[in-house]
Structures are given as C-alpha cells and as structure tokens.
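Worksheet for the structure shown next.
Every number for a ligand or one of its atoms is a count from 1 in the order of the listing.
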Amino acid sequence: MRPSILYPLFAPIDTLSGIGKRYCTLMNNLCGGKVIDLLWHLPSGFVDRRCYVPLAHAVDGKIWTGKVRVIEHLPPKTKKHPYRIAVEDNTDQMILVFFKVFGDSIVKQFPVGAEKIISGKIEIFNGLLQMSHPDYVVDADKPEQMPLIETVYPLTAGVTNKMLNRQITQALERVPNLPEWLDERFVAQNNLPCFKEAVWQAHHPQTLADLEPNAPARRRLAYDELLANQIALAIVRGRLKKQKGRSLANNGALKEKLHTVLPFALTDAQKRVIAEIESDLFSNYRMSRLLQGDVGSGKTIVALMTMLNAVECGYQAAIMAPTEILAQQHAETISALCTQIGVKTALLTSNVKGKARKTLLEELANGNIDILIGTHALFTEDVTFKDLAYAIVDEQHRFGVKQRLSLSQKGNLCDVLVMTATPIPRTLVLTQFGDMEYSKIDALPAGRKPVQTTVMPLSKINNVVEALMRKLQTGTQAYWVCPLVEESEKIDLSAATERFESLQKIFGNAVGLVHGKMKEAEKNAVMEEFKQGKLKLLVSTTVIEVGVNVPNATIMVVEHAERFGLAQLHQLRGRIKRGTEAGSCILMYGYPLSAVSHERLNTMKATEDGFLIAEEDLKLRGGGEVLGTRQSGFSNFKIADLSAHGDLLLTASKDASLLLRQDPNMQSPRGQALRTLLYLFEQDEMIQTYKAG
Ligand code: ADP
Ligand code: MG
C-alpha cells in the first residue's frame with residue numbers, strides 16, 4: 001500500500017486549481033496525469049529578469065525589466081489598431097502595445113501617473129522603444145511579485161509556460177517532508193540537498209549550470225530514481241533466487257563424451273561461464289541468468305554443454321531462437337553432435353505439421369526427446385514436456401524486465417538462461433537485467449581473422465560493384481544490406497527491391513533477395529540457396545541481423561550505414577566473421593553526413609570490440625536504441641540519464657545490495673524510508689508484477 005503521506009502527489013492533476021478538462025488531456029500527453037508527473041517535468045531553461053537597467057540602455061530583442069510611470073493612454077482609432085500606452089523612466093520613454101484589450105481592464109491596470117514594474121521583450125520600432133504585451137506587470141510597491149527568474153519548460157501546443165509554472169508551483173507545495181533514505185555520509189560527501197529541497201531547486205534554476213544533469217539537485221533526484229530501480233530489481237532477483245528449483249548435479253558422463261567428439265577445445269571464457277551456469281543448475285534454487293557473448297564467441301556449445309546436465313539427470317531441456325532460420329541452424333549444430341553421444345534432439349517449428357508434428361509432440365510428452373529446439377513460439381504454444389528442467393532463450397534481450405517476469409512465471413519452475421549476442425553496456429545490464437544473474441563470454445576462440453572495414457560515400461557505388469564482381473568470381477559470397485528508411489517497412493522494402501533489381505542486371509541469377517515481409521518458408525528457401533552457394537550475393541533488409549551462419553560469405557556491403565545504430569552494424573558485421581578467410585565490410589554513407597555520424601562510422605572502422613561500440617552507441621543514441629527496443633518494454637527513467645549518471649548507477653547498484661543484505665525486510669527506520677522511495681518512483685509496480693505471477 002502506498003504511504004498516505006504520498007497521496008497528494010499521486011492525486012490526478014485536476015486536483016490542482018485552475019486545471020480544466022481540456023488542459024488535463026494536454027498535460028497528460030505532455031508529462032502525465034498525476035501531480036507527481038509535473039515534478040518530474042524538469043525545466044529546459046529560464047528567463048532572467050534580474051537585470052534592471054535604465055530604459056535608455058534597453059537592448060532590442062532582449063528582456064527588459066524595470067520601473068516605469070504611466071504617461072498617457074492612446075486608444076486605437078479603429079478596431080484594427082492596437083491599444084497603446086506611453087510610459088517613461090528617468091532616462092527614456094516607451095510604448096506598451098496591446099492587440100487584445102478586454103473592456104476597461106487596461107485602464108484600471110495602468111492609471112495615468114501610476115508606477116509599475118514591468119518585464120517583457122523590447123523592440124525598437126521607428127526609433128521608439130516598444131513592448132508588446134508585457135510578460136509581467138506588478139505594482140511598484142510590490143517588487144517581490146516580479147518573478148526574477150522565470151523557469152522555462154518544454155511545452156506542447158495549448159499549454160503556456162505561465163500556466164505550467166503555476167501548476168508546478170502548486171505541485172511543489174504538495175511535496176511533503178520525507179524521512180531521508182540516503183546515507184547521511186553520502187549526502188554530505190556529495191553535497192546533495194534533501195529530496196524536497198532537490199525538487200524545488202531543480203525547478204528553480206539560477207544559472208545555466210543548474211540545468212546540467214550533474215547539478216546537485218538533478219544528481220540527487222537521479223540517484224534517488226536509480227536507487228529505487230536497483231532496490232526493486234534486487235528484491236525481485238532475491239525472490240527469484242529463493243524459488244525452489246531442483247538440482248541437476250550429475251557425474252558429467254555425457255559432457256565427457258561431448259568433449260571427445262568436439263572438433264575443438266573450449267576456450268577459458270567458455271569454461272568459466274559453463275562453471276557459473278552450473279553452479280546455479282546444481283543448486284536447489286531456480287536459475288535466472290543472462291549470458292552475454294559477442295557474435296561468434298561460441299554460445300551454442302555453452303548452451304549444449306549445460307543442457308546435457310538436464311539430460312544426464314533424466315530431464316529435458318529446450319532452446320528457443322527468435323526465428324525459424326536460427327532455430328534450424330541451432331538444430332543442425334546441436335543434432336550433429338548429439339547423435340554422436342546418443343542424445344535425442346528434435347526441431348519444432350511451424351513447418352513441422354500434420355503427422356510429423358503429432359509424433360514429435362508425443363515423443364516430447366513421453367520423454368523420448370531429450371532436447372527440443374524451436375522458436376520463441378514454444379513459449380506460447382501448447383507444447384507439453386514430460387519433464388522440462390532447463391530452458392534457454394536465445395537472442396531475447398529485447399524483452400523488458402516485466403515481460404520477462406510474466407513469461408518466466410508462466411513456465412514450469414525450470415532453470416532459465418537468456419543468451420544474447422548484443423553487447424550490452426554495464427549500465428544497461430544493471431537497469432534492464434538487474435533481476436538476473438549475469439555471465440559474460442569475454443574472449444573469442446583463437447584464430448579469428450579480423451574484418452577490414454572501409455567507409456566510403458555512396459557515390460562510389462560503381463567501384464564497389466566492380467570489386468564485388470571480381471571477388472564473387474573467385475567463389476566468395478557476399479551480403480548487401482539495405483537500410484531502414486523512415487522506419488517504414490514498406491519503403492524499406494522498395495529500396496531493397498530496387499537495389500536487388502539493379503544488381504540482378506549485373507549479376508543475373510547469382511543474386512537473391514530476402515526481406516521481413518516474406519513468408520518464413522520463402523525466406524528459408526532463399527537462405528538455403530545462399531547457404532548452399534547457389535546464390536553468390538544476398539540482398540536484404542536487416543532480417544539477416546541475428547545469428548545466420550554462412551562461413552563462405554566474407555563480404556558485406558551496407559548501404560546508408562549512417563542510418564544504422566552502431567550496435568546493429570556490429571551485429572551485421574558479425575555475419576562475415578564466421579569463415580576462415582578474413583572478411584571485409586564496406587560501409588557506404590549518403591550525404592549530408594553530420595560530424596557525429598562520421599565519427600560513429602569511424603568508430604566502426606577503428607574497433608571490433610562490441611562493448612566499446614555499444615558504450616559509444618549508448619552515449620550517442622540512448623539505451624532503447626542500443627537494445628533495439630525503441631517501441632517495446634524498455635523502461636525509461638524519468639530523471640536519470642545513463643549517459644550522464646552511469647557512475648551513480650554503479651553506486652546505486654552496490655548500495656541496493658548492501659542495504660538489502662543489512663535489512664532484508666526493510667524494517668529499520670531507513671528501510672521504511674526506502675519503501676517510501678520505491679513508491680515515489682513507482683517501483684512498487686515491478687514488485688507487484690512479480691508477486692502477481
Ligand atoms: P555465437 O556465440 O555467435 O552463437 P556460435 O556458437 O555460433 O557463436 O559459434 C561460432 C563458431 O565458433 C561456430 O562455428 C563454432 O563451432 C565455433 N566455436 C565455438 N567454440 C569454439 C572454440 N572453443 N574453438 C574454436 N571454435 C569454436
Ligand atoms: Mg548464436
């Protein structure tokens with residue numbers, strides 16, 4: 001239950017005065033429908049009215065604030081003309097101009113001879129100082145009513161800055177005094193204001209520095225938010241860990257056998273992560289672990305080695321891939337090895353139909369099949385195992401924390417491993433996968449050839465085609481990747497189709513085309529032809545992004561590479577690292593190319609380190625882009641910005657673990673204060689989602 005002290009902040013915004021129905025809708029779209037949402041709507045700037053100079057020194061186009069005397073009213077001759085009022089100070093005169101006047105309000109507001117403090121933008125018109133509709137007018141004996149610094153907010157049509165300021169002022173008045181949840185020493189060392197003070201300061205910038213993400217007030221709020229996030233994830237992680245599972249401890253006979261048939265020795269990195277995974281599998285608790293390993297780091301064999309533990313114990317294991325092509329590829333690798341050691345595998349995709357499907361499902365239910373390979377659809381379909389003990393989900397980093405939780409609640413209480421080839425920066429691992437344990441394969445098998453990356457303008461496309469022609473004649477195969485255009489698949493498709501047609505004129509039947517709109521079966525057929533070498537050149541949209549393995553394809557051309565994310569380019573480039581020959585990747589860009597884009601492409605040229613690339617991408621484009629989850633499930637922070645507050649996140653992560661170790665039930669006074677923090681940042685929801693399952 002939300003603490004009652006927070007009720008006023010979680011009330012709908014129409015509980016503030018002066019908010020009508022229409023305004024409510026506008027505000028809802030701008031920042032949200034609750035009072036607290038206004039507090040998280042931070043300013044983007046401010047108007048400084050502190051500088052009082054005589055009128056004679058007023059500057060055209062600038063805000064002027066000062067005391068004036070009303071000289072005379074100049075009502076308009078016709079309705080088309082504005083109402084004007086002449087005013088003066090001791091140095092000059094000025095005309096106030098009003099295009100809209102309601103009744104005699106203006107006569108009352110500016111009695112002749114009265115002194116007023118006014119503020120607004122100065123214009124010089126025909127050599128005369130002029131101010132249209134002053135922003136503020138206050139009586140000369142009430143200077144305190146003039147807002148010397150007016151906070152400026154991001155706006156939307158129909159919401160003025162003045163209205164927003166009024167509402168936020170009211171919202172700020174509702175912020176209660178809350179018990180401090182941060183460590184006092186930490187607060188002192190970092191010179192942080194308390195929560196209430198921090199929110200107030202964040203909405204009252206005095207200098208440009210106050211608008212920076214690392215201004216003390218904003219840092220405090222960012223830290224609060226990150227801490228709430230990390231505590232919530234740690235609670236979920238802790239509870240998952242305590243869920244009963246069963247031990248898959250065994251004598252390792254099957255694994256021994258697999259070692260003898262493997263054509264290579266495992267790398268140290270592979271051995272290490274297998275040991276990490278097994279420490280979970282052999283325990284009595286349920287595993288929920290993320291395995292990260294760059295493209296080509298050898299995750300498939302890690303998956304198989306660890307699945308053999310379930311088989312050895314007489315249970316079943318399953319591995320699920322995002323597409324049928326990938327599932328099929330896994331099936332080929334895994335079944336080739338498994339038949340040699342007497343382990344029964346099967347592939348289940350939508351292509352397995354009728355009698356074959358029925359038989360397969362029966363064998364799965366009676367336990368004849370040890371390892372099932374399939375697509376993610378396995379999760380949702382009515383597939384019954386005899387006894388599934390271990391499930392691996394490949395390339396499913398796109399699931400958000402909540403999706404993953406509701407998903408894992410659905411399945412049996414089996415151990416779960418999520419594998420991903422997308423290098424995920426540490427900060428994102430903490431925030432997006434903080435509910436899971438974490439392993440990383442940090443080295444590639446020896447002997448991998450580097451990919452040579454070239455960056456060149458699209459205007460040189462003819463040279464690229466010529467070079468390609470020579471290479472394809474020697475038997476090499478190549479990918480040609482067409483870009484995302486305006487995020488519309490339809491336009492993507494026409495770009496790829498057009499390129500396919502023009503390349504067909506040159507390469508004839510040696511060119512194939514795959515794209516996202518094709519039926520799975522059609523796509524598979526084209527991929528198969530490419531795999532078998534019947535096709536030499538494969539034109540595609542980004543559908544080949546993940547996992548496809550064609551060792552003979554060592555060349556990749558990417559059109560409009562500047563439109564791709566770096567992480568995405570890295571994934572694409574990984575496709576041509578599978579062979580024995582060194583690959584070459586040609587990144588072609590269109591004009592105009594911004595300096596930042598140029599720098600990004602050069603990063604691709606300079607390094608093949610996926611993590612370095614991902615960090616760079618995170619800096620330039622933000623987390624949703626890196627994970628490829630712009631539209632789905634990516635939890636965005638209200639205040640925190642990982643590119644500026646990464647250091648705070650690391651501290652918050654450590655603090656969260658420590659706090660929960662010292663006070664697991666959050667009962668101490670500080671624990672109680674932290675509960676309030678969780679509600680403040682609506683992290684109670686995440687814990688609820690988990691509980692509900
Ligand atoms: P990914 O991590 O991208 O899924 P894969 O599991 O597909 O990588 O492995 C990529 C390639 O590396 C495969 O051809 C696989 O056989 C090979 N491989 C895996 N582990 C090793 C190793 N320890 N030594 C040599 N080659 C390996
Ligand atoms: Mg893989």
Side-chain angles (χ1 to χ4, degrees), residues 255 258-277 289-308 317 319-341 345 347 371 373 375-376 392-398 417-424 438-451 477 479 527 531 544-554 556 567-583 608-611 613-614 628:
K255 283 186 284 172
L258 181 59
H259 274 294
T260 60
V261 302
L262 265 188
F264 48 74
L266 295 181
T267 63
D268 288 342
Q270 284 169 320
K271 285 186 207 154
R272 184 175 41 76
V273 301
I274 288 174
E276 287 168 7
I277 294 167
R289 185 174 282 273
L290 174 71
L291 171 61
Q292 231 190 326
D294 212 338
V295 181
S297 61
K299 291 185 292 299
T300 316
I301 203 69
V302 169
L304 177 55
M305 271 293 175
T306 55
M307 285 194 289
L308 291 181
I319 178 164
M320 286 154 268
T323 66
E324 305 218 337
I325 297 176
L326 288 173
Q328 201 176 328
Q329 204 167 280
H330 276 321
E332 279 163 25
T333 315
I334 291 173
S335 69
L337 292 166
C338 282
T339 45
Q340 297 179 64
I341 58 171
T345 64
L347 171 66
I371 294 178
I373 300 137
T375 55
H376 290 157
I392 301 180
V393 195
D394 196 11
E395 304 296 354
Q396 206 37 300
H397 58 276
R398 287 184 169 90
L417 182 72
V418 174
M419 305 201 296
T420 177
T422 301
I424 307 173
Y438 170 69
S439 290
K440 176 172 159 188
I441 308 182
D442 55 6
L444 298 182
R448 287 285 154 78
K449 303 267 187 333
V451 172
Q477 288 171 282
Y479 297 101
M527 287 308 299
K531 247 176 151 173
I544 56 156
E545 187 180 345
V546 203
V548 176
N549 198 2
V550 183
N552 194 41
T554 55
M556 175 172 287
Q568 207 177 8
L569 286 175
H570 178 70
Q571 290 277 303
L572 284 168
R573 189 167 61 179
R575 301 304 117 226
I576 54 170
K577 275 178 85 161
R578 309 238 152 184
T580 43
E581 207 185 309
E608 283 190 60
D609 181 332
F611 285 92
I613 289 171

Answer yes when Glu276 and Lys440 have at least one side-chain N-carboxylate O distance shorter than 4.0 Å, and no when they do not.
no

Under-4.0 Å salt bridge between Glu608 and Arg573
no

So, do Met419 and Leu290 sit near enough that their side-chain heavy atoms are less than 4.5 Å apart?
no

Give, for atom OG1 of Thr306 and atom CZ of Arg289, the distance between the pair rounded to the nearest 0.5 Å.
11.0 Å

Closest to atom 4 (O) of ligand 1 by heavy-atom distance, out of Leu326, Ile301, Thr300, Leu262, is Thr300

Which option out of Arg575, His330, Gln270 puts a heavy atom nearest to atom 20 (N) of ligand 1?
Gln270

Report the C-alpha distance between Arg272 and Asp442 in whole Å, list the side-chain angles of each, state the deciding distance to 0.1 Å, and finish with yes or no for salt bridge (Lys or Arg N to Asp or Glu O under 4.0 Å).
CA-CA 10 Å; Arg272 184 175 41 76; Asp442 55 6; 3.2 Å; yes

Do Gly298 and ligand 1 have an N or O pair less than 3.5 Å apart?
yes

Look at ligand 1 and say whether [X] reaches it with a heavy atom at a distance under 4.0 Å.
| X | result |
| --- | --- |
| Ala265 | yes |
| Ser297 | yes |
| Gly296 | yes |

Distance-only side-chain donor-acceptor flag, Thr420 / Gln292, under 3.5 Å
no

Report, in ascending order of atom number, the atoms of ligand 1 lying under 4.0 Å from any heavy atom of Thr267.
23 (N)

Give the numbers and elements of all ligand 1 atoms closer than 4.0 Å to a heavy atom of Leu266.
23 (N)

